[in-house]
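All heavy atoms count here, side chains included; hydrogens, waters and symmetry mates do not.
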Amino acid sequence: MGKRAGERRKGPKCIAIVGPFSSGKTTLLEALLARTGAIARQNAVSSGNTVGDHSAEARAHLMSVEATFATTEFMGESVTFVDCPGSVEFAFEVQPVLAACDLAVVVAEPDEKKFPALQLIMRQLDEMGVPRVLFLNKIDKAAAGVRETLKLLQPASSTPLLLRQIPLRKDGIVVGSIDLALERAYIYHEHAESTVAEIPDDDRARELEARFSMLEALADHDDSLMEQLLEEIEPPRDAVFDDLAADLRDGSVTPVLIGSAEKGNGIMRLLKTIRHDAPDVEATRQRLGVEAGTPVLQVMKTIHTPHGGKLSVVRVLAGSVGDAAELWDASGRTGRVSGLYRLMGKEQIKLSRANEGETAALGKMDDIATGATLSAAKGAVSALVELELPPPVYAMALRPRERKDEVKLSTSLQRLAEEDPSLRIAQNQETGETLLSGNGEMHL
């Protein structure tokens with residue numbers, strides 16, 4: 001790679017897909033899975049047949065209501081994508097996911113009404129120290145120019161938004177992009193890889209101006225590059241890529257890529273950025289203060305399946321874990337793994353072992369909660385994440401139609417609360433009703 005970034009970070013990665021409500025996160029996940037060959041074709045959210053939003057509730061509302069995990073391979077390396085809900089009512093889902101991820105892909109669109117929600121997401125990433133890439137989605141529908149849009153988006157980000165691509169237009173319609181680092185044009189093809197083309201003469205001046213702005217931003221953290229720019233020396237391409245990777249990993253900048261998830265445009269550039277520039281589990285361990293060696297796992301999500309029982313989705317931060325392994329959390333609660341799986345939405349693929357950096361689901365860890373830190377040795381680790389539960393703002397009273405169903409109701413609500421700890425359950429002693437509280441009417 002280079003002097004600043006060092007070697008390319010190989011091995012399994014875990015990438016969170018976050019962004020405001022209806023920005024296209026689930027569509028982006030579908031496009032990523034289709035481009036990597038994990039699914040045969042990209043399905044529209046409206047079809048009710050996507051890997052993300054696979055639950056009945058999500059499909060009924062045409063929106064994500066829980067984090068969805070999908071593991072695929074790109075150029076021989078494992079990548080787990082986590083599609084996170086964008087609605088504020090389900091914001092809690094994002095907390096335990098981000099803690100164990102290497103990188104966040106922030107999906108945004110040129111819509112001023114969604115900027116406040118974007119600002120909250122960026123602030124959360126800052127507080128948790130998670131590096132991020134911004135994917136400017138729906139570029140084919142944008143009325144304003146990309147650089148004008150970034151000026152509006154910049155106040156939402158504490159780090160400079162570094163434009164990596166600019167759109168290529170023909171007769172006012174976006175037909176491709178120009179990569180400012182590679183200095184190449186790419187022509188879009190719907191649901192297919194773009195083809196390389198020469199940068200049109202009419203766009204050359206615009207490309208040079210945007211590229212110089214990108215290099216200026218990178219030079220803020222690279223004295224050699226600054227000297228080259230002052231002396232009007234063209235920097236080596238490898239050095240530019242080195243700076244892009246280094247600044248992304250240490251959170252100095254937020255690279256901005258463009259595309260249209262709905263049409264599968266800009267997906268390959270995003271995948272290559274993740275492969276070449278994203279940090280890995282070692283950087284995530286350092287952020288969380290975990291030492292390599294003894295197995296350490298972070299629980300990102302709890303799922304109750306109709307037939308398989310409880311699943312605890314974990315990121316293996318250190319070591320490895322096999323089926324039948326006994327694990328402890330920081331409070332001394334223990335569980336023995338009964339089934340080990342890789343997830344593709346609602347589908348489960350049996351594993352014999354999950355290695356460092358991989359994301360997997362552990363079966364039958366009945367006493368282990370979302371957000372817990374697990375180790376193979378009792379008392380070996382402290383909790384890495386302290387979840388902040390939002391105060392409930394909406395409540396409803398529940399009562400079974402028949403008294404014989406009270407146990408079923410109680411069991412079902414307990415499972416819901418394990419999947420989503422931001423739900424609160426209480427008993428009204430006067431009326432005998434069960435009170436369920438949460439973050440909004442749709443949340444309940």
>> Between Asp111 and Lys141, does any side-chain N to carboxylate O distance fall below 4.0 Å?
In response: no
> Between Val94 and Cys84, what is the shortest heavy-atom contact and its length?
Replying inline: CG2-CB, 3.9 Å
>> Using 0.5 Å steps for rounding, measure from the CZ atom of Arg35 to the OG1 atom of Thr72.
In response: 12.0 Å
> Do you know the tightest heavy-atom contact between Glu388 and Phe92?
Replying inline: O-CD1, 4.0 Å
> Can you tell me how far CD of Glu193 sits from CZ of Arg269, rounded to the nearest 0.5 angstrom?
Replying inline: 11.0 Å
>> I'd like to know if the side chain of Thr334 and the backbone of Leu327 have a donor-acceptor N/O pair within less than 3.5 Å.
In response: yes
> Under 3.5 Å, is there a donor-acceptor pair between the side chain of Glu418 and the main chain of Thr302?
Replying inline: no
> Side chain of Gln42, backbone of Ala34: donor and acceptor closer than 3.5 Å?
Replying inline: no
> Between Thr68 and Asp53, what is the shortest heavy-atom contact and its length?
Replying inline: OG1-N, 3.9 Å
>> One pair to check against side chain to side chain contact (heavy atoms under 4.5 Å, CB included): Met344 and Leu33. What are the steps and the verdict?
In response: CA-CA 10 Å; Met344 175 59 70; Leu33 296 177; 3.9 Å; yes
>> Before you tell me yes or no, could you show the steps for Leu163 and Met214 under side chain to side chain contact (heavy atoms under 4.5 Å, CB included), namely the whole-Å CA-CA distance, both residues' side-chain angles and the distance that decides it to 0.1 Å?
In response: CA-CA 6 Å; Leu163 190 59; Met214 179 189 74; over 6 Å; no
> Should the heavy atoms of other residues, nucleotides or ligands under 6.0 Å from CD of Glu262 be counted, would the total exceed 12?
Replying inline: no
> Rounded to the nearest 0.5 Å, how far does CG of Leu435 lie from CD1 of Ile425?
Replying inline: 10.5 Å
> Is the closest side-chain donor-acceptor distance between His304 and Glu419 under 3.5 Å?
Replying inline: no
> Looking only at heavy atoms, what is the nearest atom pair of Val146 and Pro167, with distance?
Replying inline: CG2-CD, 3.3 Å
> Are side-chain N/O atoms of Asn43 and Thr50 paired as donor and acceptor at under 3.5 Å?
Replying inline: no
> To the nearest 0.5 Å, how far apart are CG in Asn265 and CD1 in Ile267?
Replying inline: 7.5 Å
> Take atom CD in Glu190; do more than 12 heavy atoms of anything else shown fall under 6.0 Å from it?
Replying inline: yes
> Is Arg249 salt-bridged to Asp277, cutoff N-O under 4.0 Å?
Replying inline: no
> Between Leu152 and Glu112, is any pair of side-chain heavy atoms under 4.5 Å apart?
Replying inline: yes
>> Between Glu30 (side chain only) and Val51 (backbone N and O only), is there a donor and an acceptor less than 3.5 Å apart?
In response: yes
>> Within the structure provided, determine whether Lys301 and Thr359 are in side-chain contact (heavy-atom separation under 4.5 Å).
In response: no
>> Please identify which of these residues, Arg287, Lys13, Arg315, meets the salt bridge (charged side-chain N to carboxylate O under 4.0 Å, His left out) condition with Asp102.
In response: Arg315
> Does Arg415 CZ have over 12 foreign heavy atoms under 6.0 Å away?
Replying inline: no
> Step by step, would you call Arg285 with Val296 a side chain to side chain contact (heavy atoms under 4.5 Å, CB included)?
Replying inline: CA-CA 10 Å; Arg285 277 202 307 267; Val296 177; over 6 Å; no
> Would Asp243 and Arg4 count as a salt bridge (charged side-chain N to carboxylate O under 4.0 Å, His left out) if you check the C-alpha gap in whole Å, the side-chain angles of each, and the deciding distance to 0.1 Å?
Replying inline: CA-CA 7 Å; Asp243 282 333; Arg4 292 189 62 215; 2.8 Å; yes
> Do Leu362 and Leu297 come close enough that some side-chain heavy atom pair is under 4.5 Å?
Replying inline: yes
>> For the residue pair Ser78 / Glu358, report whether a side-chain donor-acceptor contact shorter than 3.5 Å exists.
In response: no
> Rounded to the nearest 0.5 Å, how far does CZ of Arg41 lie from CD1 of Ile39?
Replying inline: 9.0 Å
> Is there side-chain contact between Met122 and Leu134, with heavy atoms separated by less than 4.5 Å?
Replying inline: yes
> Does the side chain of Leu28 reach to within under 4.5 Å of the side chain of Asn137, using non-hydrogen atoms?
Replying inline: no
>> Tell me whether Glu291 at atom CD has more than 12 heavy atoms from other residues, nucleotides or ligands lying less than 6.0 Å away.
In response: no
>> Does Leu180 form a side chain to side chain contact (heavy atoms under 4.5 Å, CB included) with Arg164? I'd like the steps, not just the answer.
In response: CA-CA 6 Å; Leu180 301 177; Arg164 174 71 192 271; 5.6 Å; no
> Asp323 and salt bridge (charged side-chain N to carboxylate O under 4.0 Å, His left out): which partner among Arg353, Lys350, Lys364?
Replying inline: Lys350
> Does some side-chain heavy atom of Leu136 sit less than 4.5 Å from a side-chain heavy atom of Leu153?
Replying inline: yes
>> Closer than 4.0 angstrom, basic N to acidic O: yes or no for Glu282 and Arg9?
In response: no
> Under the criterion side-chain contact (heavy atoms from CB on, under 4.5 Å), which of Val240, Asp242, Leu248, Asp247 is the partner of Leu244?
Replying inline: Val240
> To the nearest 0.5 Å, how far apart are OG1 in Thr370 and CD in Glu93?
Replying inline: 8.0 Å
> Does one side chain, of Ser320 or Glu356, offer a donor that lies under 3.5 Å from an acceptor on the other?
Replying inline: no
> Could you go step by step and tell me if Asp126 and Arg132 meet the salt bridge (charged side-chain N to carboxylate O under 4.0 Å, His left out) rule?
Replying inline: CA-CA 10 Å; Asp126 286 338; Arg132 78 295 311 250; 3.1 Å; yes
> Can a salt bridge be assigned to the pair Lys310 and Asp366 using a cut-off of 4.0 Å between side-chain N and carboxylate O?
Replying inline: no
> Heavy-atom distance under 4.5 Å between the side chains of Phe69 and Met300, does that happen here?
Replying inline: yes
> Is there a side-chain contact between Pro12 and Asn355, using heavy atoms and a 4.5 Å cut-off?
Replying inline: no
